[in-house]
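Sequential numbering from 1 along the given sequence is applied to the chain's residues.
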Amino acid sequence: MSHDTLPRPVKTDSAPAVERPARRRRHWARRANPLAGAGTLIWLAVVIIPIYAMFSASLTHQDEALGHSALKPPSHPTLDNYNTVLHNGFGHLLWNTVLAAAGVVLIVLVLCVPLSYVAVRTRSVWSGAAFRLFLLGVAIPAQAVVVPLYLMIAKLNLYDSLLAIVLPTAAFAMPVSVLILTGTLRDISEEMYEAMALDGASTTRMLFQLVIPMSKGGISTVVIYSALQAWNGFLFPLIFTQSDGPRVLTLGLFDYVSEFGVNIPAILASVVLSGVPIFIVYLVARRALVGGLMGVGGK
């Protein structure tokens, strides 16, 4: 039989039949979701309305604060409350809070990053036991150990100092920080570790040249989380400090509470001013924060 008599393959154009389902899937993906949109609007209202009410009340006069509606704009807005807060030692309180937050973040990063690295890369019994011990700290509330902490701080002569705030706050921020960082470090592929090991990299070099650069999302999450613990902390500053020297912003709110009344607009003005710095930090690192919370910070 010659080659001319052989049956030739029939060309079939099946590409359009394959592309149509893909186009339909893209079409369905682009369709609006009214239920999700309504839920987003409700959540936005839940977040925005309290912030608006707080800011609106901070612009009212003291004699109008109690009778002023939370959702009604002030009839005669004033900045006197912010002026009162700024001239009542707010700068000193803010500086102490920044120092305390920076100290907590530094301690947490210096200790938790290497510890998480060891917990992920080491398969020994001791590393697993240490990791479980840190996770046990998540279940221990600060109120349950405040008396032993007070005795320890008093014996170390740290009472009424910023270290009395920084050390316990960092200790209670470490369990969650280790949990976040271990989840982020597990996202780094084994091939990257093997490539650096074949290149002759030591454990320390892997930590600084591979783990830390690939874990920016988790590290950003830990930074914001631990800074918030120090920024919003109230129990440790209240119990472990006494004088005006180490006072922080949360204790500064007591300046507007007296025996005969409460200056509500000044308190709210102080809350607004104290929330601005940490909000700016969140705006700068929000993408890395979301990525770290979703467990994809290492990718």
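With a 4.5 Å cut-off on side-chain heavy atoms, Pro265 and Leu59 do not count as touching. Side-chain contact between Leu111 and Leu115 is absent, with no heavy-atom pair separated by less than 4.5 Å. Using a 4.5 Å heavy-atom threshold, the side chains of Thr122 and Tyr117 count as separate. Side-chain contact check for Leu185 versus Ser215: some heavy-atom pair is nearer than 4.5 Å. Side-chain contact between Leu273 and Leu86: present, with at least one pair of heavy atoms (C-beta onward) separated by less than 4.5 Å. Here the side chains of Val145 and Ile140 are in contact, with some heavy-atom distance below 4.5 Å. A heavy-atom distance below 4.5 Å is found between the side chains of Met206 and Tyr193. Between Tyr256 and Val85, some side-chain heavy-atom pair lies under the 4.5 Å cut-off.
Within the 3.5 Å criterion, the main-chain N or O of Leu249 finds a donor-acceptor partner in the side chain of Thr97. Within the 3.5 Å criterion, the main-chain N or O of Ile180 finds a donor-acceptor partner in the side chain of Thr184. Side chain of Asn96 to main chain of Arg247: a donor-acceptor pair is present (N/O by atom type, distance under 3.5 Å, no hydrogens or angles). Within the 3.5 Å criterion, the main-chain N or O of Tyr52 finds no donor-acceptor partner in the side chain of Ser56. Between the side chain of His76 and the backbone N or O of His61, no donor-acceptor pair lies under 3.5 Å. Panel note: side chain Trp43, backbone Ala38; no donor-acceptor pair is recorded below 3.5 Å. For the pair Ser161 (side chain) and Leu158 (backbone), a donor-acceptor distance under 3.5 Å is present. With hydrogens and angles disregarded, a donor-acceptor distance shorter than 3.5 Å links the side chain of Thr182 to the backbone of Leu179.
Heavy-atom minimum distance, Phe90 versus Ser270: CE1-O, 4.2 Å. When all heavy atoms are compared, the tightest approach of Leu93 to Val248 is CD2-O, 3.6 Å. Closest non-hydrogen pair, Ala170 versus Ile107, comes out as CB-CG2, 3.9 Å. For the residue pair Thr250 and Pro237, the shortest heavy atom distance occurs at OG1-CG, 4.5 Å. A pairwise comparison of heavy atoms in Ala101 and Ala230 identifies CA-CB, 3.6 Å as the closest pair. For the pair Ala173 and Val108, the tightest heavy-atom approach, listed with the atom from each and the gap, is CB-CG2, 4.2 Å.
Side chains of Asp160 and Ser243: a donor on one and an acceptor on the other come within 3.5 Å.
Partners of Glu191 by salt bridge (charged side-chain N to carboxylate O under 4.0 Å, His left out), not counting sequence neighbours: none found. In this structure Tyr159 satisfies the ring pair (Phe, Tyr, Trp, His ring centres under 6.0 Å) test together with Tyr150, sequence neighbours excluded.
Atom CG of residue Asn263 and atom CD of residue Gln62 lie 4.0 Å apart, to the nearest 0.5 angstrom. To the nearest 0.5 Å, atoms OH (Tyr82) and CG (Leu268) are separated by 8.0 Å. Rounded to the nearest 0.5 Å, atoms OG (Ser226) and CD (Gln229) are 8.0 Å apart. A distance of 7.5 Å separates CZ in Phe279 from CD1 in Ile51, rounded to the nearest 0.5 Å. Atom CD in Glu190 sits 11.5 Å away from atom CE in Met192 (nearest 0.5 Å). Within the model, atoms OG of Ser116 and CD1 of Ile219 stand 9.5 Å from one another, a figure rounded to the nearest 0.5 Å.
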#### Entry: Step-by-step side-chain contact (heavy atoms from CB on, under 4.5 Å) determination, Arg205 to Asp199
CA-CA 11 Å; Arg205 182 182 168 189; Asp199 194 36; 3.4 Å; yes
#### Entry: Val98/Trp231 under side-chain contact (heavy atoms from CB on, under 4.5 Å): CA gap, chis, key distance, verdict
CA-CA 8 Å; Val98 170; Trp231 201 272; 3.9 Å; yes
### Message
Run Val257 and Ile267 through side-chain contact (heavy atoms from CB on, under 4.5 Å) and show every step you take.
### Response
CA-CA 9 Å; Val257 180; Ile267 291 179; 3.9 Å; yes
### Task
Carefully, step by step, assess Val118 and Phe131 under the rule side-chain contact (heavy atoms from CB on, under 4.5 Å).
CA-CA 9 Å; Val118 172; Phe131 178 68; over 6 Å; no
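Cluster membership check: Phe234 does not share its hydrophobic cluster with Ile153, using side-chain heavy-atom separations under 4.5 Å among Ile, Leu, Val, Met, Phe, Trp and Tyr. Taking hydrophobic clusters as Ile, Leu, Val, Met, Phe, Trp and Tyr residues chained together by side-chain heavy-atom distances below 4.5 Å, Leu210 shares a cluster with Val113. In the hydrophobic cluster analysis, where Ile, Leu, Val, Met, Phe, Trp and Tyr join through side-chain heavy atoms closer than 4.5 angstrom, Val271 is grouped together with Val262. Using a 4.5 Å cut-off between side-chain heavy atoms of Ile, Leu, Val, Met, Phe, Trp and Tyr, with links allowed through other members, Leu99 and Val223 fall into different hydrophobic clusters. Hydrophobic clustering (ILVMFWY, side-chain heavy atoms < 4.5 Å, transitive): Ile264 and Phe55 are in one cluster.
Shown here is Leu35, whose CG atom has no more than 12 heavy atoms of other residues, nucleotides or ligands within 6.0 Å.
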